[in-house]
Novice: 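Take a look at the following structure, please.
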Amino acid sequence: MCDGSGACVACRDAADCPATGNDCFAPTCINNQCGTQPVDASTPIRAQATGDCLLVVCDGSGGTTTVPDDTDVPVDTTLCTADSCASGNPVHTPLSGACSDNGGVVCADTTSPSAGTCVACNSNADCAGSPPRVCVSHLCVVVDCANFQQDGDETDEDCGGSCPPCVDGSACLVAADCVSQVCNGALLTCSAPDCGDNVQNGLESAIDCGGGTCPTCNDGDTCAQAADCTSGVCGNGPPSLCLTATCLDGVLNGGESALDCGAVCGTTLLCANGQTCNGAADCDSGFCSSGLCAPCVLDSDCATDE
């Protein structure tokens, strides 16, 4: 463009320069040449994960960091908890009262290990019907399931068959006899949860994945938190599912060389100077030097790697 003095220049002010494609870098126009500079620290980026109690902000050097955002409250889809954030950490406070999720009718006692979940009963008074039933491990069962004997169709003492499922190591005949949903056919005992048993059990958020003990889950699998997902993005439900990585999700994933930028994101979301790169194609400048995007000063630098 003309500078008003008879010279053809690249820019007169920053508005004349192309967008950087990165929320943490802004275009500049210095001496009629376009460039970039980091935006102020604590500037939020546009793409934010929901329900993680965190806000992704710029760090003042072109990168990103997270700060607590206690207004970004997670939702765990049960009436038995009060969902909130505390200093950037999700909090699910157990509640009492009626509920209707997970096949239950009442929230587990707040002092119980099952607090925060919807269960069938807390006491015998919660169990009605005929024949008479009692409350065992938050399940309404016939009296024979609480007599400290193996009788009826039980596979072990007071468990299996029509009684509550058995703990690991107890005798079983079928998977439904076990808390883990796995009955070892050779030993006829309940097996402990395993990341290769093709059953969702233990801490897993989906079949054989998530929970911090198994490999991360694929897109479309159920999740409880971002760490359960290969993409690093768990969308709020119900049900909460692992989402496909995108270049606008505020997470370094999907082959990006830096947060939400790189060749995989296309030409409109290339990385700005100072961001990490795997090659020249990742950089808006067309120049990747020592793993960082850098200004293309010489024609010989452009679209090359040093």
Side-chain angles (χ1 to χ4, degrees), residues 20-26 36-96 101 107 110-111 113-117 203-206 209-217 219 221-254 256-262 265 269 271-272 274-276 292:
T20 65
N22 186 292
D23 289 351
C24 293
F25 278 92
T36 62
Q37 67 179 14
V39 303
D40 293 339
S42 299
T43 301
I45 67 170
R46 288 170 292 180
Q48 299 285 341
T50 58
D52 63 358
C53 298
L54 298 172
L55 184 69
V56 182
V57 298
C58 300
D59 62 8
S61 300
T64 59
T65 187
T66 57
V67 296
D69 179 8
D70 289 351
T71 66
D72 186 20
V73 177
V75 178
D76 65 4
T77 72
T78 178
L79 296 174
C80 293
T81 62
D83 305 318
S84 62
C85 298
S87 301
N89 297 301
V91 177
H92 304 286
T93 304
L95 299 175
S96 57
D101 56 280
C107 295
T110 55
T111 57
S114 298
T117 61
L203 299 176
E204 299 165 1
S205 62
C209 69
T213 57
C214 292
T216 53
C217 299
D219 300 343
D221 288 332
T222 53
C223 55
Q225 55 189 347
D228 291 329
C229 305
T230 300
S231 68
V233 183
C234 178
N236 277 337
S240 297
L241 302 175
C242 292
L243 303 182
T244 301
T246 73
C247 292
L248 294 173
D249 57 20
V251 178
L252 178 59
N253 54 17
E256 300 162 357
S257 63
L259 181 70
D260 288 345
C261 71
C265 296
L269 289 173
C271 299
Q275 292 189 286
T276 55
L292 296 175

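All of these numbers come straight from a predicted model, not from anything done at the bench.
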Novice: Please name the pair of heavy atoms, one in Ala226 and one in Gly232, separated by the smallest distance, quoted to 0.1 Å.
Specialist: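 Answer, listing the atom of Ala226 first, then Gly232: CB-O, 3.3 Å.
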Novice: Are side-chain heavy atoms of Pro94 and Thr110 found at a separation under 4.5 Å?
Specialist: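 A side-chain contact exists here, since the closest heavy-atom pair is under 4.5 Å.
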Novice: Strictly by side chain to side chain donor-acceptor pair (under 3.5 Å), give each pair with a member in residues 51-61 just once, sequence neighbours left out.
Specialist: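 Applying side chain to side chain donor-acceptor pair (under 3.5 Å) to every pair that reaches into residues 51-61, excluding sequence neighbours, yields nothing.
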Novice: Could you note down all residue pairs passing salt bridge (Lys or Arg N to Asp or Glu O under 4.0 Å) where residues 65-74 supplies at least one of them, sequence neighbours left out?
Specialist: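 For residues 65-74: none.
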Novice: Just to verify, what does Asp249 make a side chain to side chain donor-acceptor pair (under 3.5 Å) with, not counting sequence neighbours?
Specialist: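 In terms of side chain to side chain donor-acceptor pair (under 3.5 Å), with neighbours along the sequence ignored, Asp249 is linked to Asn253.
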Novice: Kindly write out the residues that satisfy side chain to side chain donor-acceptor pair (under 3.5 Å) with Thr81, not counting sequence neighbours, or none if the list is empty.
Specialist: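 Expected list: Asp76, Asp83.
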Novice: Identify the two heavy atoms, one from Cys242 and one from Cys223, that lie closest to each other, and give their separation to 0.1 Å.
Specialist: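 Scanning both residues completely, I find the closest heavy atoms to be N-SG, 3.5 Å.
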Novice: Looking at every heavy atom in both Phe25 and Pro38, which two are closest together, and how far apart are they?
Specialist: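 Taking Phe25 first and Pro38 second, the nearest heavy atoms are CD2-N, 3.8 Å.
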Novice: Is the distance between the SG atoms of Cys247 and Cys261 less than 2.5 Å?
Specialist: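 No, no disulfide: SG-SG not under 2.5 Å.
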Novice: For residues 37-48, which residue pairs qualify under side chain to side chain donor-acceptor pair (under 3.5 Å), counting only residues two or more places apart or in two chains?
Specialist: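 For residues 37-48, and leaving out neighbouring residues, the side chain to side chain donor-acceptor pair (under 3.5 Å) pairs sorted by first residue read Asp23-Arg46.
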Novice: Closest approach of Pro68 and Leu54, non-hydrogen atoms and distance?
Specialist: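 In terms of heavy atoms, the two residues are closest at CA-CD2, 4.3 Å.
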Novice: Just how far is it from atom OG1 of Thr230 to atom CG of Asp219, taken to the nearest 0.5 Å?
Specialist: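 Output value for this atom pair is 7.5 Å.
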Novice: Would you say Thr66's side chain and Val56's backbone share a donor-acceptor pair under 3.5 angstrom?
Specialist: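 Judged by distance alone, no pair lies under 3.5 Å.
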Novice: Tell me the closest heavy-atom pair linking Glu256 and Cys265, and the distance in Å.
Specialist: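 In terms of heavy atoms, the two residues are closest at CG-SG, 3.9 Å.
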Novice: Taking it one step at a time, do Cys53 and Asn89 satisfy side chain to side chain contact (heavy atoms under 4.5 Å, CB included)?
Specialist: CA-CA 6 Å; Cys53 298; Asn89 297 301; 6.0 Å; no
Novice: Of all heavy-atom pairs between Ser240 and Cys234, which one has the smallest distance, and what is that distance?
Specialist: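 Heavy atoms of Ser240 and Cys234 come nearest at CB-SG, 3.8 Å.
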Novice: Taking only residues two or more places apart in sequence, or in another chain, which ones meet Ser231 in a side chain to side chain donor-acceptor pair (under 3.5 Å)?
Specialist: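 Counting only residues at least two positions away or on another chain, Ser231 forms no side chain to side chain donor-acceptor pair (under 3.5 Å).
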Novice: Compare all side-chain heavy atoms of Asp221 with those of Cys229 and state whether any distance is below 4.5 angstrom.
Specialist: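 No, their side chains stay 4.5 Å or more apart.
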Novice: Within a strict 4.5 Å, meaning less than it, do heavy atoms of the Pro74 and Cys85 side chains meet?
Specialist: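 The answer is yes; the side chains approach within 4.5 Å.
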Novice: How long is the gap from OG1 on Thr71 to CG on Leu55, to the nearest 0.5 Å?
Specialist: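 It comes to 8.0 Å.
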Novice: Mind checking whether Leu259 and Ile45 have side chains closer than 4.5 Å, heavy atoms only?
Specialist: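 Heavy-atom side-chain distance check passes, below 4.5 Å.
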Novice: How long is the straight-line distance from OG1 of Thr246 back to CG of Asp260, given to the nearest 0.5 Å?
Specialist: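 Answer for the CG-OG1 pair, Asp260 versus Thr246, is 6.5 Å.
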